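Keep in mind the model is a prediction, meaning the values are calculated, not measured.
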Amino acid sequence: MNKVVLVTGATRGIGKQIAISFAKEGYNIALNFREENESLLNTKKEIEAFDVKCLPVKGDVSIYEDCKNIAETVVKEFGKIDVLVNNAGITKDMLLLRMKEEDFRKVIDVNLIGTFNMSQNVATYMMKERCGRIINISSVVGISGNAGQSNYAASKARNNWLYQEFGKRIS
């Protein structure tokens, strides 16, 4: 039975390349996306070219119930989740003094809360299997900061802590 990886934010950029890399290694892929588009369909075709299964799963990682549904859907289809890659992320760059509260919150909600939401929902299944890996995509900005990215830096710095917490419990 092939191993299964769930990649959030997987239809383009880093997430797409991560999903393709796992497909090359023989993993079945669950692609999380927010909106169906041409990039999603192209990514699915590219993955299936490696003779693995690809399951697109719609949901917003910043919404806890969506994350629960994503995890349930993947387990229902594949029977397990071996690896979760928390890749979904956004930026809304602006100098702190000009940043809108809603822009600050949205970045935190997707990049940080979304990582928690997916990790908690997937960890439940991994704990039952007594096996699994959670990979959180972070950024050097979370360590050193960057002008105009206070929200992004805060969300990525906290991802390092979240990995340590879940890594200790699952490994």
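Between N121 and Y64, some side-chain heavy-atom pair lies under the 4.5 Å cut-off. Side-chain atoms of I47 and V52, non-hydrogen and from C-beta on, do get closer than 4.5 Å to each other. In this structure the side chain of N28 never reaches within 4.5 angstrom of the side chain of F22, judged on heavy atoms. By the 4.5 Å heavy-atom criterion applied to side chains, V7 and N32 are not counted as neighbours. I70 has its side chain within reach of M118: a pair of non-hydrogen atoms, C-beta onward, lies under 4.5 Å apart. Proximity of E46 to K16: side-chain heavy atoms (C-beta onward) are separated by under 4.5 Å at one or more points. A 4.5 Å side-chain heavy-atom check between L55 and T73 finds at least one atom pair inside the cut-off. Residues I81 and V75 meet the side-chain proximity criterion, which asks for heavy atoms closer than 4.5 Å.
A donor-acceptor contact shorter than 3.5 Å is absent between the side chain of T115 and the backbone of N86. N2 contributes a side-chain N or O that, together with a main-chain N or O of G26, makes up a donor-acceptor pair within less than 3.5 Å. Using a distance-only test at 3.5 Å, with no hydrogens or angles considered, a donor-acceptor pair links the side chain of D82 to the main chain of V4.
G9 approaches A88 most closely through the heavy-atom pair N-CB, 3.8 Å. Annotation for R133 and M126: closest pair O-CE, 3.2 Å, computed over non-hydrogen atoms. Minimum interatomic distance between N87 and G15 (heavy atoms only, all atoms of both residues): ND2-CA, 3.2 Å. Closest approach of A71 and Y125 over heavy atoms only: CB-CE1, 3.8 Å.
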**OP:** Assess whether side chain to side chain contact (heavy atoms under 4.5 Å, CB included) is satisfied between T43 and R12, documenting all intermediate values.
**Re:** CA-CA 8 Å; T43 302; R12 59 189 175 96; over 6 Å; no
Original post:
Under the side chain to side chain contact (heavy atoms under 4.5 Å, CB included) criterion, do V83 and Y27 qualify, and how do the steps go?
Top reply: CA-CA 10 Å; V83 179; Y27 283 71; 4.1 Å; yes
**OP:** Please test I20 against F50 for side chain to side chain contact (heavy atoms under 4.5 Å, CB included), starting from the C-alpha separation and ending with a verdict.
**Re:** CA-CA 9 Å; I20 289 170; F50 294 102; 3.9 Å; yes
Subject >> side chain to side chain contact (heavy atoms under 4.5 Å, CB included) evaluation trace for I18 with I14 >> reply: CA-CA 6 Å; I18 289 169; I14 293 170; 3.5 Å; yes
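Looking only at atom types and distance, the side chain of N37 has no donor-acceptor partner in the side chain of T11 under 3.5 Å away.
Residues satisfying the side-chain contact (heavy atoms from CB on, under 4.5 Å) criterion with D60, sequence neighbours excluded, are R34, S62, I63, D66, K106. Residues that satisfy the side-chain hydrogen bond (donor to acceptor under 3.5 Å, both in side chains) test with E48, not counting sequence neighbours, are K44.
Counting heavy atoms of neighbouring residues, nucleotides and ligands inside a 6.0 Å radius, atom NZ of K53 does not exceed 12 of them.
Salt bridge status for K3 with E25: absent, with no side-chain N to carboxylate O gap under 4.0 Å.
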